[in-house]
There are 2 protein chains.
Amino acid sequence: MKVDILRKKNLRVTPFRKEVLDIFLKNEHAISIQDIEDGLKDFDRITLYRTIKSFTSKGVIHEIVMPGDIKKLALCDGVCAHDHGLHEHNHIHFQCRKCEEVYCVEIDELPQLKVPGFIIEEQEIQAKGICSKCSVVT
Amino acid sequence: MKVDILRKKNLRVTPFRKEVLDIFLKNEHAISIQDIEDGLKDFDRITLYRTIKSFTSKGVIHEIVMPGDIKKLALCDGVCAHDHGLHEHNHIHFQCRKCEEVYCVEIDELPQLKVPGFIIEEQEIQAKGICSKCSVVT
DNA sequence: CTGTGTGCAAAGGGTTTGCAAGTAC
DNA sequence: GTACTTGCAAACCCTTTGCACACAG
């Protein structure tokens, strides 16, 4: 239940937050702020920014930045844990060259990089290519 | 010769561009726009933005975005090819938790990710941890 | 009832655009 | 000489802050 997503994170359930959350739930790919705005009838942009901020800081959504200054937001739900303080990603961010959408794609295990002298603790992978939908249609 | 870096990319050699290039050459890690500004005595910010834009589009430097909206710039020289139109990275971007600097670190081979249904053509890896300098000092 | 969320206005910061003068080649 | 660069002013986003009112729990 969508309301629980908010309650679980100690966020008060308001009509506006439900609306915003609905837009995230409607999309299976990451969305931009513009996408959210387009999905709202009338809204106050400041409130939207604040909503995004609370959602992000409480771990309801996470921000994705793809090469080329493309910023997107996606639900944390399932694809990423937000438990140990650090935001752990067991998924990669993938942008399709064709439809241009950005997806959080789950991956069994992240490759463990080794660089002499450097201690690598976390990593984040951004990939580009063709998504499963666009590769089928071709 | 630093002037050749510009000439090779069909960029006119001007005093300002040489100054900016010098700042990149002086640092072995990626730098922010602020870092460049700090390195210039007096300058016009608009010209700096345009210089960065020409450098980026001609492949003299490349932009790095680390999680947390941290933007840096680094020379392409050596660490990355800019030949096939696409900007190929045979290096990863690494940010040190201690000194906070961002480095382009060369890596022998990027791990080849496989995701069912998705065709992965390019990838970019951002890592965090402790850099070689900070891990020595401890 | 209390603290959190909302909405409006206004400010802030980084970045881009237009145009005239200057300069590399 | 010609095309590219520079410098200044102004415009333009996008985002944040302050404050009073509204509302969830």
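Order of the sequence lines sets the chain letters (A, B, ...), proteins ahead of strands, with each chain counted from 1.
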I need the residues from residues 35-48 of chain A with at least one non-hydrogen atom less than 4.0 Å from DNA chain C; give them sorted by number, or say none.
A:Asp44, A:Ile46, A:Thr47

Under a 4.0 Å N-O cut-off, is there an ion pair linking A:Glu37 with A:Arg45?
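A salt bridge is present here (some side-chain N lies under 4.0 Å from a carboxylate O).
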
Would you call B:Glu19 and B:Lys41 a salt bridge, using N to O less than 4.0 angstrom?
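Salt bridge between B:Glu19 and B:Lys41, a charged N being under 4.0 Å from a carboxylate O: yes.
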
On the nucleotide [N], are OP1 or OP2 found under 4.0 Å from the side-chain N or O atoms that [X] carries?
X	N	answer
A:Tyr49	D:dT16	no
B:Arg50	C:dT16	no
A:Lys53	D:dT16	yes

Between B:Phe94 and A:Phe118, does the ring centre distance come in under 6.0 Å?
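Yes, ring centres under 6.0 Å apart.
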
Separation of [X] atom [atom1] from [N] atom [atom2], in whole Å?
X	N	atom1	atom2	result
A:Leu73	D:dT15	CG	C1'	14 Å
B:Asp69	C:dT15	CG	P	11 Å
B:Lys18	D:dT6	NZ	C1'	16 Å
B:Phe16	D:dC8	CZ	P	11 Å
A:Glu19	C:dG5	CD	C1'	14 Å
A:Asn10	C:dG5	CG	P	10 Å

Quick check on the hydrophobic clustering: are B:Ile36 and B:Val65 connected, directly or via other members, by side-chain heavy-atom contacts under 4.5 Å?
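Per the 4.5 Å side-chain linkage, B:Ile36 and B:Val65 are not co-clustered.
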
If you compare all heavy atoms of B:His93 against all heavy atoms of B:His62, which two are closest, and at what distance to 0.1 Å?
NE2-NE2, 3.4 Å

State, to 0.1 Å, how close B:Ser54 and B:Arg17 come at their nearest heavy-atom pair, and which atoms those are.
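Minimum heavy-atom contact is OG-NH2, 3.8 Å.
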
State whether the side chain of B:Gln95 and the backbone N or O of B:Ile130 hold a donor-acceptor pair below 3.5 Å, judged by distance alone.
no

Sequence neighbours excluded, which residues qualify as salt bridge (Lys or Arg N to Asp or Glu O under 4.0 Å) partners of A:Glu28?
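Once residues adjacent in sequence are excluded, the partners of A:Glu28 under the salt bridge (Lys or Arg N to Asp or Glu O under 4.0 Å) criterion are A:Lys133.
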
Taking for each residue the nucleotide of DNA chain D with the nearest heavy atom, is it B:Arg17 or A:Gln34 whose nucleotide lies nearer the 5' end?
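Its nearest nucleotide lies further toward 5', so the answer is B:Arg17.
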
Is there a salt bridge (Lys or Arg N to Asp or Glu O under 4.0 Å) between A:Lys72 and A:Glu63? Walk through the geometry before answering.
CA-CA 6 Å; A:Lys72 301 273 181 170; A:Glu63 195 193 49; over 6 Å; no

Can you name the atoms? Protein N/O to nucleotides 21-25 of chain D N/O, anything below 3.5 Å, with the distance.
unit_1 : atom_1 : unit_2  : atom_2 : d
D:dA24 : O3'    : A:Val13 : O      : 3.4
D:dA24 : N3     : A:Arg12 : NH1    : 3.2
D:dG25 : OP1    : A:Val13 : N      : 3.3

